[in-house]
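Okay, so here's the structure we're looking at.
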Amino acid sequence: MVEHLQHYGVIRSKKVSEVMEAIDRALFVPEGTPPYVDSPMQIGYNATISAPHMHATCLQLLEENLKPGMHALDVGSGTGYLTACFALMVGPEGRAVGVEHIPELVASSIENIRKSAAAPLLKEGSLSVHVGDGRLGWPECAPYDAIHVGAAAPEIPPALIEQLKPGGRMVIPVGNMFQYLKVVDKNPDGSVSVRDETSVRYVPLTSQEAQLRGY
């Protein structure tokens, strides 16, 4: 899977390839589904795990903000895969936080992480996953150097911009019918610049009730 993504130029850095090799996607997809196929998969509760190329794209975009000792937030952490990747990148001296509003997914993601290379970081507390409304971020570990949002928001949630550190970067899909993966950089003076990276298709970032209802 990693070689395939390198071949197509999605993975361009040694660090991203190492992390995606270390965190086995097979531990984070529902049993019986092909873990290394480059497509999104249903994980229950009207949620999905993104395709490997999207995870690789987001890791590449955030690489400079996922250095050892930095703080990272994964909104809509789902099965915990990307949260585990973040934790390996920021290391034991950093902090990786996953926020997911479906309690059953939080419980199963913690079990998945326990089987993975990120298990020691979970045990010692530099990696944690919480039940919460990701649109509000996770203020207690803010500010963040890196924020990833795994569902499409109609607009960028103000709480997430607030919790982004000056010099930090957020990647977030935005839009309803037509969605773009936006790269949001907070400049050292606190001003924000936003650019479109690519068109995407994500499930909506919504309330727990709307998601369980099928939006």
Side-chain angles (χ1 to χ4, degrees), residues 19-20 22-31 33 35 40-50 52 54-55 58-59 62 65-66 68-153 157 159-160 163-165 168 170-173 202-209 211-212:
V19 166
M20 288 187 76
I23 300 293
D24 187 354
R25 197 168 185 264
L27 301 171
F28 294 87
V29 297
E31 221 172 292
T33 54
M41 286 170 193
Q42 294 291 329
I43 57 171
Y45 312 97
N46 292 313
T48 57
I49 178 172
S50 292
M54 281 314 305
H55 282 149
C58 292
L59 287 168
L62 291 169
N65 301 84
L66 291 168
M70 290 184 168
H71 283 214
L73 175 65
D74 186 19
V75 171
S77 50
T79 65
Y81 174 80
L82 207 58
T83 323
C85 291
F86 286 175
L88 276 201
M89 289 178 85
V90 300
E93 63 276 39
R95 194 78 169 78
V97 178
V99 180
E100 167 60 57
H101 60 196
I102 306 290
E104 294 84 350
L105 285 176
V106 171
S108 64
S109 71
I110 289 167
E111 286 310 307
N112 298 340
I113 292 166
R114 281 198 183 118
K115 297 176 204 152
S116 79
L121 300 165
L122 182 71
K123 193 173 180 187
E124 52 146 67
S126 62
L127 161 57
S128 59
V129 187
H130 307 273
V131 178
D133 186 338
R135 296 171 297 183
L136 306 175
W138 195 255
E140 114 190 16
C141 298
Y144 297 97
D145 299 278
I147 298 178
H148 165 266
V149 182
L160 298 183
Q163 290 171 35
L164 196 60
K165 189 184 282 188
M170 166 165 48
V171 290
I172 176 171
Y202 278 76
V203 298
L205 182 69
T206 181
S207 67
Q208 185 197 57
E209 297 73 27
Q211 183 172 322
L212 291 173

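With contacts defined as side-chain heavy-atom distances shorter than 4.5 Å, the pair L121/V90 does not qualify. Under the 4.5 Å side-chain criterion, counting only non-hydrogen atoms from C-beta, S116 is not in contact with D24. Taking 4.5 Å as the limit, some side-chain heavy atom of P92 sits within range of a side-chain heavy atom of E124. In this structure, T83 and S109 have side chains that are not in contact, with every pair of non-hydrogen atoms separated by 4.5 Å or more. Between V99 and L136, every side-chain heavy-atom pair lies at or beyond the 4.5 Å cut-off. P157 is listed as a side-chain neighbour of I172, based on a closest heavy-atom distance under 4.5 Å. Two residues are said to be in side-chain contact when any heavy atoms from C-beta on lie closer than 4.5 Å; K115 and F28 fail this criterion. Between Q208 and I102 the shortest side-chain heavy-atom distance falls below 4.5 Å.
For the atom pair CZ (F86) and CE (M70), the distance works out to 13.0 Å, reported to the nearest 0.5 Å. In this structure, I113 CD1 and L127 CG are separated by 4.5 Å, a value rounded to the nearest 0.5 Å. Note that CZ of R114 is 14.0 Å distant from CG of L27, once rounded to the nearest 0.5 Å. Separation of atoms CG (D74) and CD (E100) is listed at 9.0 Å; rounding is to 0.5 Å. In this structure, CD1 on I147 lies 13.0 Å from SG on C58, to the nearest 0.5 angstrom. Summarising the geometry, atom CG belonging to L62 is positioned 8.0 Å from atom CG belonging to L82; distances are rounded to the nearest 0.5 Å.
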**OP:** Before giving the answer on side chain to side chain contact (heavy atoms under 4.5 Å, CB included), spell out for L205 and V75 the whole-Å C-alpha distance, their side-chain angles and the decisive distance to 0.1 Å.
**Re:** CA-CA 9 Å; L205 182 69; V75 171; 4.2 Å; yes
Original post:
Passes side chain to side chain contact (heavy atoms under 4.5 Å, CB included), I49 versus H55? Steps please.
Top reply: CA-CA 9 Å; I49 178 172; H55 282 149; 3.7 Å; yes
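What you find for L88 and A118 is that their closest heavy atoms are CD2-CA, 4.3 Å. Contact detail for G137 and Q163: the closest heavy-atom pair is CA-OE1, 3.5 Å. Nearest heavy-atom pair, G150 versus Y202, reported as atom, atom and distance to 0.1 Å: O-CD2, 3.3 Å. Summarising the geometry of M170 relative to L160, their closest heavy-atom pair is SD-CB, 3.8 Å, with the distance given to 0.1 Å. Scanning all heavy atoms of the two residues, the minimum distance from V131 to P103 falls at CG2-CA, 3.9 Å. Taking every heavy atom of both residues into account, P52 and M20 meet most closely at O-CE, 3.8 Å.
In summary, the side chains of R135 and S207 do not present any donor paired with an acceptor at a separation below 3.5 Å, with no hydrogens or angles considered. Between the side chains of H71 and D145, no donor-acceptor pair is found at a separation under 3.5 Å.
Under a 3.5 Å cut-off, the side chain of Y144 and the backbone N or O of W138 do form a donor-acceptor pair. A donor-acceptor contact shorter than 3.5 Å is absent between the side chain of E93 and the backbone of P68.
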